[in-house]
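Everything below concerns the one structure shown next.
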Amino acid sequence: MSTPPPLPERPRLPWDPPDHFEKRIPDGDNRERLVCARCEFIHYQNPKIVAGAVCTWNDRILLAKRAIEPRKGFWTLPAGYMELGETIEQAAEREVREEACAAIEIERLLAMYSVPRIGQVHIMYCARMLSADFAAGTESEEVALLDWADIPWDQLAFPTVVWALAHFHESRGRTDFAPYSNPTGDLAKMWPPRKPAGL
């Protein structure tokens with residue numbers, strides 16, 4: 001039996017550390033980091049912040065169908081990575097503009113979800129659209145304003161989208177609620193996506 005040829009080496013990616021960085025536990029630390037073997041500089045790798053919003057116009061909710069991976073072709077709330085030099089609120093407003101070509105006014109913080117499996121923190125707001133104008137941005141195949149009854153629950157892109165919609169519905173019309181966090185119970189296990197019981 002012949003030995004299969006070795007797999008080609010993966011090409012170097014822009015975010016790969018230089019060759020002189022090595023993984024080890026720096027003095028005084030308690031976990032493995034990337035450390036420069038020349039100058040001892042520590043390259044910290046920290047979670048990314050995702051900012052987004054549940055946006056409404058006349059009680060309808062703005063959803064976008066993803067035109068990019070991951071989960072291309074599935075519906076999501078407008079959200080994405082925060083950029084350097086902007087606030088979380090500015091990031092949420094920008095993501096809504098980019099993905100749904102809509103202008104919003106943020107009303108309040110809805111939730112903050114930890115997603116340690118992929119090193120992300122999702123911060124979601126309640127927001128009001130400033131007009132009924134919207135369109136698909138470059139990262140969206142389609143954008144729609146949907147009544148609650150028409151949300152395509154089994155076609156939602158991510159667990160945090162299900163959570164944010166459920167928490168938005170639970171707090172609708174209230175101003176006295178504390179921001180939500182990662183759910184427990186049935187809502188925490190809501191995957192594959194489906195409409196949570198009682199909503």
Side-chain angles (χ1 to χ4, degrees), residues 1-54 64 66-100 106 108-125 127 137-140 156-165 167 178-185 187-193:
M1 186 178 201
S2 62
T3 305
L7 292 172
E9 190 172 312
R10 176 176 69 80
R12 184 170 191 77
L13 299 172
W15 51 84
D16 286 337
D19 291 334
H20 56 274
F21 275 71
E22 57 191 23
K23 282 189 173 182
R24 61 183 167 88
I25 300 175
D27 292 340
D29 208 333
N30 58 6
R31 65 178 61 199
E32 198 173 66
R33 313 276 188 189
L34 283 169
V35 181
C36 176
R38 298 176 184 166
C39 69
E40 298 295 309
F41 174 82
I42 301 169
H43 175 66
Y44 290 99
Q45 295 172 298
N46 304 107
K48 297 277 189 184
I49 295 175
V50 171
V54 180
R66 292 177 62 80
I68 58 172
E69 295 294 352
R71 303 288 284 165
K72 181 180 178 181
F74 287 81
W75 291 90
T76 188
L77 295 165
Y81 292 119
M82 184 177 176
E83 299 283 4
L84 292 174
E86 64 183 0
T87 66
I88 304 168
E89 293 84 359
Q90 289 169 339
E93 291 168 353
R94 175 183 51 75
E95 288 293 337
V96 174
R97 269 195 321 274
E98 290 178 356
E99 295 182 11
I106 288 176
R108 63 163 297 140
L109 179 62
L110 173 67
M112 184 168 59
Y113 306 122
S114 297
V115 192
R117 180 180 60 82
I118 52 175
Q120 295 179 359
V121 175
H122 292 207
I123 298 174
M124 303 299 293
Y125 291 93
T138 56
E139 295 182 0
S140 303
L156 296 179
F158 307 110
T160 50
V161 176
V162 178
W163 300 349
L165 287 169
H167 288 149
Y180 292 86
S181 59
N182 288 50
T184 57
L187 186 57
K189 304 170 197 163
M190 199 59 59
W191 201 257

Quiz item: Do you know the tightest heavy-atom contact between E69 and R71?
Solution: OE1-N, 3.1 Å

Exercise. Kindly compute the distance separating CD (E22) from CD (E32), expressed to the nearest 0.5 Å.
Key: 10.0 Å

Exercise. Would you name the heavy atoms of P193 and V162 that are closest together and state the gap between them?
Key: CB-CG2, 4.0 Å

Exercise. Taking all heavy atoms of A91 and all of A51, pick out the closest pair and write down the distance.
Key: CB-CB, 3.7 Å

Quiz item: With Y113, which residues qualify under ring-ring contact (aromatic ring centres under 6.0 Å, His included), at least two apart?
Solution: W163, H167

Exercise. Taking the side chain as every heavy atom from C-beta outward, state whether K23 and L34 have any pair of such atoms under 4.5 Å apart.
Key: yes

Quiz item: Roughly how far, to the nearest 0.5 Å, is the OH atom of Y125 from the CD1 atom of I123?
Solution: 6.0 Å

Quiz prompt | Non-hydrogen atoms of E99 and E139 that approach each other most closely | solution = OE2-OE1, 3.7 Å

Self-check item: Spatial distance of atom CG (L77) from atom CD (E95) [nearest 0.5 Å]
Solution: 12.0 Å

Practice problem: Output the distance between atom CG (L165) and atom CE (M124), rounded to the nearest 0.5 Å. | Solution: 8.0 Å

Quiz item: Can you name the closest pair of heavy atoms from G52 and A92 and give their distance?
Solution: O-CB, 3.9 Å

Practice problem: Report the C-alpha distance between F158 and F74 in whole Å, list the side-chain angles of each, state the deciding distance to 0.1 Å, and finish with yes or no for side chain to side chain contact (heavy atoms under 4.5 Å, CB included). | Solution: CA-CA 9 Å; F158 307 110; F74 287 81; over 6 Å; no

Exercise. Please report the C-alpha distance between V50 and Y81 in whole Å, then the side-chain angles of each, then the deciding distance to 0.1 Å, and finally whether the side chain to side chain contact (heavy atoms under 4.5 Å, CB included) criterion is met.
Key: CA-CA 4 Å; V50 171; Y81 292 119; 3.8 Å; yes

Quiz prompt | D27 atom CG, over 12 foreign heavy atoms within 6.0 Å | solution = no

Quiz item: Has the side chain of R66 got a donor or acceptor atom that lies under 3.5 Å from a matching backbone atom of P70?
Solution: yes

Practice problem: Would you name the heavy atoms of D29 and I25 that are closest together and state the gap between them? | Solution: O-CG2, 3.7 Å

Quiz item: Could you state the interatomic distance from CE (M190) to OG1 (T160), rounded to the nearest 0.5 Å?
Solution: 13.5 Å

Practice problem: Using a 4.5 Å cut-off on heavy atoms from C-beta on, say whether the side chain of R33 contacts that of P26. | Solution: yes

Self-check item: Distance in Å, S114 OG paired with H122 NE2, rounded so as to fall on 0.5 Å steps
Solution: 9.5 Å

Exercise. Please assess T138 against E98 for the test side chain to side chain contact (heavy atoms under 4.5 Å, CB included), listing each intermediate value before the final yes or no.
Key: CA-CA 7 Å; T138 56; E98 290 178 356; over 6 Å; no

